[in-house]
Amino acid sequence: MLSAFRTVLRRDLVLAMRRRADFLTIVFFFIIVVSLFPLGVGPEIDTLRTIAPGVVWVAALLASMLSLGRLFYNDYMDGTLEQMVLAPQPLSVIVLGKVLAHWLVSGIPLVLVAPILGLQFDLGGDALLVLVVALFLGTPILSLIGAIGAALTLGLRGGGVLVSLLILPLYIPVLVFGSGAVEATASGIGAQAHLSLLGAGLFLALVFAPWATAAALKISIE
Amino acid sequence: MLSAFRTVLRRDLVLAMRRRADFLTIVFFFIIVVSLFPLGVGPEIDTLRTIAPGVVWVAALLASMLSLGRLFYNDYMDGTLEQMVLAPQPLSVIVLGKVLAHWLVSGIPLVLVAPILGLQFDLGGDALLVLVVALFLGTPILSLIGAIGAALTLGLRGGGVLVSLLILPLYIPVLVFGSGAVEATASGIGAQAHLSLLGAGLFLALVFAPWATAAALKISIE
Amino acid sequence: MAKINWFKYSSPASFYPLAGKVVPWFAWLAAILGVVGLYVAFFEAPLKDYQQGQSYKIIFIHVPTAWMSMFIYVVMALWAAAGMVFNTRLSYMMAKALAPTGALFAFLALWTGALWGKPTWGTWWVWDARLTSELILFFLYIGFIALGSAIEDPRRAARACGLLALVGVVNVPIIYFSVLWWSTLHQPPSLKLNEATMGTSMLVGILLVTFSLWFYTIAVALVRVRGEILERERDTSWVAQLIHEGKE
Amino acid sequence: MAMLEVTNLACARGDKRLFSGLSFSLRYGSLLYVHGPNGSGKTTLLRTVCGLCAAEDGDIHWDNQNIRSLGEDFRRHVSYLGHLNGLKDELSGFENLQFSTKLAGLGVADQEISDVLARLGVEVCQDLPSKVLSQGQKKRTALARFLLHKNKLWILDEPFTALDVHAVDVLQGIIAEHVETGGMAMLTTHQEVDISSGDVKHIHLNS
Amino acid sequence: MAMLEVTNLACARGDKRLFSGLSFSLRYGSLLYVHGPNGSGKTTLLRTVCGLCAAEDGDIHWDNQNIRSLGEDFRRHVSYLGHLNGLKDELSGFENLQFSTKLAGLGVADQEISDVLARLGVEVCQDLPSKVLSQGQKKRTALARFLLHKNKLWILDEPFTALDVHAVDVLQGIIAEHVETGGMAMLTTHQEVDISSGDVKHIHLNS
Ligand code: HEM
Ligand SMILES: Nc1ncnc2c1ncn2[C@@H]1O[C@H](COP(=O)(O)OP(=O)(O)OP(=O)(O)O)[C@@H](O)[C@H]1O
Ligand SMILES: Nc1ncnc2c1ncn2[C@@H]1O[C@H](COP(=O)(O)OP(=O)(O)OP(=O)(O)O)[C@@H](O)[C@H]1O
Ligand SMILES: [Mg+2]
Ligand SMILES: [Mg+2]
């Protein structure tokens, strides 16, 4: 079981290295979406500072959702997913390996560039720190929930948009607590409570999401 | 030539009706993204009113980009694109038919729901009107430019994210003039100039984009 | 006469040795101009700018990189256009070879600008027209590079990137003006580019560094193109001969 | 008088040169088999001839004019079937064929489409969306296009795969008839088929 | 003693019942051909037997236990090849096989993988990414999995398509050998093949 997990994780990391462009693109997508807002909203720094946490989080949601839409898609199209379902290993373990690989190559970089974007919006040092911690706790939840959506919409036409419809509502609590944490720091309340809630959410998602995703995959592949 | 245009247009509209879910989802995506902001940014109505045009436009950009990413994809995967390239008709005319069909089923609905979203952000009557007109002029530009990106990234892995990297920067003028128009009305300057620029942009895009898209398709199909 | 040469050297087999010969010259020119330029910058230019302190010396990096980043994009698009018109493989290779340097300069312009902004404006970044359009230019470069590396077949990659460069270059002025206008409508009240008039020694320093970067760009691009030629033509007889002769 | 004339053609994929110096010509009423083991470049050759891939070197002429410069005027005469069937999943086979003939600018009566589908034994796809068809049924529907377009040059890449024994017979008959009535066909297949009407030629890649 | 026992199986796609009341059993050293014209439900039957599709009615038992309740313990014994090859485009054939054996929990030496690839005539895919392989080369690489996993039950859906004549021979030999050494195989094909080793059975759908 552990070996299946490791095998899948390693395979997906190798694949990610082979098509490095994919994952760098996610980060740039994140950066571009965040940078679009000042262009739409106008350059007043006070407004921008207020909306910064919300904007960064919404961009993270979108980046995660977009890249997750294809988490299983390639495997489905070329038949390797069929083979994984037929492998003598619990599917949920395989799923967990894939999700972890995905987060390592696409979630972690978001966490790392977020402070730079925060600087552009003139966020203070404390707020930046909380932003990073919140993203670090929140992005794996996004990946885990997103995997369920991706599995459910597998092979449906227009999956990309459908997946967003399914999972964006589920992402909302993460958005609320994540951006809430940053705002709370900025207004001096302290982010402790928000962050603990995110941690609890992560734990729950880790326990249930792989199992739900595996079930969804089996349905989709029929 | 005109008959090729009509044939493609009709086919794509029929296909859109068969998979209605796809296009409804684009509209819902748009609505959800716009509605996420109050959750991320907080409920102060003044901030919200300031950021409303920007948020609506950014959401329109993202919705258009998301749905365009797959404008040619299905045709490519099932080989109908190959057949269209081989048809004894100019490819750019076929492309124009596809883009128009796409805009009719996915751009128009955005234009129609925008006022409702604007109301949620407490925009005034004039501003709402300008928002609708600007979207009406702007969304076809988005479709035309997006088609180029979709054609260039056809069949590439991670295309969904790559396409956004290519076309979001090109969308920026539309974003700036589109949201600028609404802001100008709100601050009493008048949106005339912005709207004329959008109109000029639409004309330019109509002339050049189908041609560039056709060239890109021929490259991608090799 | 000139025409014959042009077509002769647009074939990879004869371009390769020619490029090999000129690369060291450009590299040396770049190094010498760079050293002289920085000397002027640090020792000849007025020691202290009264408003900004030593930090203003960043200008000697900042302005040349900003200029070059814009200039290279245009050159890249010209090569792409030439590739479309004459259908020469070499043109596409040149366009592709220029992109990473352009992206590097755009990044450096952003970075030095941000470093400079902190002491002068008190913030790393403002959403000013010039800054924003430089940022977008950086994205355009990244898009170009990402597209190139996402396509495996080199011929297809070259042509797709060429097309993208052309589409981009049409859009760059549009983007520039749109952003300019956007920002002037909402000019931030307190923060403005510091328009200190330049002394001659400053101007000389900046120009020297610019030329140095220019030659550096040419040298690096030629080296990249040589590598690319070798990789793509590794099955041809002239490359085999080259390897045989032990020149490589 | 040769209609299709290929001279000195060289094709490469990635950095592998598949073949070079290939020359042949096809005239009315002749059939060309392209043979070769897996990976020898048959698909690449067929796609290059119909203009989907660019050749590395050499010329392809139709009626003494380069196919690149002819453009639409060449494509008007060619039907191609590759590894993909070119059917939209959501449309029925019937609708797919309607679309494809209209796009080619032909006015084909609905009855004719139904007749062709019946001849190929896929009446079932008159109403069913193509998505749910079996492999073989999809292939048959795709082949119906050839009978409706009535183009001169047929280019068929492994048309017999997925077809059952009966359908293979039918298709052989159809190709033979096309060649006998003055058409041209180029095809690859790994299966044993024998169509010997008209002027039969063979090309061996990698042999 | 039958290993695989199918009783009274009924399958449907959409609202079309493809077959019903189908019963058969497969024991060690036997080979089952599934025949039937296009669209008769061969693919559906094969996918149902390996557990990828749900049956409408009837039971599938392995060693007297229902395959649904066995789960992994059934899948451990089955190799399946459908219309898709199950290769990752970016990985070489070699890496694909490495991954697939590791996922099955087998320790297979690299040398063995290379040997199998050589036996199937696709040494080329040792380094090339699978994406650029020709149809036939991909199929061969996918078939190499069967030789490496050494599972009891082989389920092959049209394994001979896209293979050239030589490769068809090789594959026939491989299947024959598997059956002779006590394996079981279930296969569909529209081509003429003859493998007559072991205990050969036939099922005709829609006949
Ligand atoms: C991240 C921040 C910055 C960016 C992206 C940036 C970008 C640019 C660009 C693109 C140019 C060339 C413009 C042209 O020639 O039209 C430029 C020139 C220049 N920049 Fe910056 N800049 C930044 C920060 C700063 C700061 C903080 C200062 C000084 C207070 C500064 C001073 C200048 C000067 C003096 C020039 C030359 C102006 C001229 O040639 O007309 N920049 N910058
Ligand atoms: N980027 C690449 N680098 C090296 N070789 C490549 C590349 N792309 C394709 N090839 C090779 O080119 C050949 C493609 O041939 P093609 O698909 O035309 O074969 P085919 O004759 O149709 O074979 P089949 O009978 O299997 O369909 C294969 O041998 C493949 O390995
Ligand atoms: N939703 C549906 N409604 C009606 N019929 C359906 C539906 N889905 C599938 N079918 C039919 O079910 C059959 C699928 O059969 P299957 O793919 O198993 O055939 P096969 O025997 O493998 O054929 P082939 O030899 O062509 O591969 C086809 O006849 C198809 O038309
Ligand atoms: Mg082939
Ligand atoms: Mg089948």
Side-chain angles (χ1 to χ4, degrees), chain A residues 15 18-19 21-29 31-33 35-42 44 46-48 50-58 61-63 65-67 69-70 73-74 77 106 156-166 168-169 171-173 175-176 178-180 183, chain B residues 15 18-19 21-29 32-33 35-42 44 46-48 50-59 61-63 65-67 69-70 73-74 77 106 156-166 168-169 171-173 175-176 178-180 183:
Chain A
L15 283 174
R18 294 278 158 91
R19 30 178 138 124
D22 281 25
F23 292 94
L24 290 180
T25 335
I26 295 171
V27 183
F28 278 101
F29 171 81
I31 299 176
I32 292 183
V33 170
S35 318
L36 284 179
F37 277 93
L39 289 166
V41 168
E44 293 90 23
D46 285 333
T47 320
L48 289 180
T50 329
I51 66 171
V55 167
V56 170
W57 267 99
V58 170
L61 251 61
L62 293 175
M65 188 204 76
L66 265 186
S67 61
R70 307 183 74 75
Y73 185 75
N74 288 329
M77 286 304 281
S106 72
L156 303 183
R157 326 231 126 220
V161 191
L162 186 57
V163 81
S164 62
L165 191 55
L166 289 180
L168 277 183
Y171 277 181
I172 286 177
L175 170 65
V176 170
S179 60
E183 275 153 21
Chain B
L15 283 175
R18 297 274 160 94
R19 30 177 139 124
D22 280 25
F23 292 95
L24 290 179
T25 8
I26 295 172
V27 184
F28 279 107
F29 172 81
I32 292 183
V33 170
S35 319
L36 283 180
F37 275 91
L39 294 172
V41 168
E44 295 89 25
D46 284 333
T47 321
L48 288 181
T50 330
I51 67 171
V55 167
V56 170
W57 267 98
V58 170
L61 252 61
L62 293 175
M65 185 206 80
L66 263 186
S67 61
R70 308 183 75 74
Y73 185 77
N74 289 327
M77 287 304 281
S106 72
L156 303 182
R157 328 230 125 222
V161 192
L162 184 57
V163 81
S164 62
L165 185 54
L166 296 185
L168 281 182
Y171 276 179
I172 285 174
L175 170 65
V176 169
S179 60
E183 275 155 23

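We use all heavy atoms of the structure for the numbers below, so side chains are in, but hydrogens, waters and symmetry mates are not. Lettering follows sequence order; numbering is per chain, from 1.
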Is [X] in contact with chain A via its backbone, its side chain, both, or neither, using a 4.5 Å heavy-atom distance?
{"X": "B:I172", "value": "side chain"}
{"X": "B:L24", "value": "neither"}
{"X": "B:Y73", "value": "side chain"}
{"X": "B:L39", "value": "both"}

Fill in: When A:Y171, A:F37, A:F28 are compared by non-hydrogen pairs under 4.5 Å with chain B, the top option
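The answer is A:F37.
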Practice prompt. Decide yes or no for B:R19 and B:N74: does some side-chain heavy atom of the first lie under 4.5 Å from some side-chain heavy atom of the second?
Written response: yes
Worksheet item: Are A:L175 and A:V58 close enough that some pair of their side-chain heavy atoms sits under 4.5 Å apart?
Response: yes
Discussion item. Please report the interatomic distance CD1(B:I26) to CG(B:L62), rounded to the nearest 0.5 Å.
Written reply: 12.5 Å
Worksheet item: How long is the span from the CD1 atom in A:I32 to the CG atom in B:L61, to the nearest 0.5 Å?
Response: 11.0 Å
Worksheet item: Yes or no on side chain to side chain contact (heavy atoms under 4.5 Å, CB included) for A:W57 and B:L36, after CA distance, side-chain angles and deciding distance?
Response: CA-CA 10 Å; A:W57 267 99; B:L36 283 180; over 6 Å; no
Worksheet item: Which bit of A:I31 is near chain B, if near means a heavy-atom gap under 4.5 Å: side chain, backbone, both or neither?
Response: neither
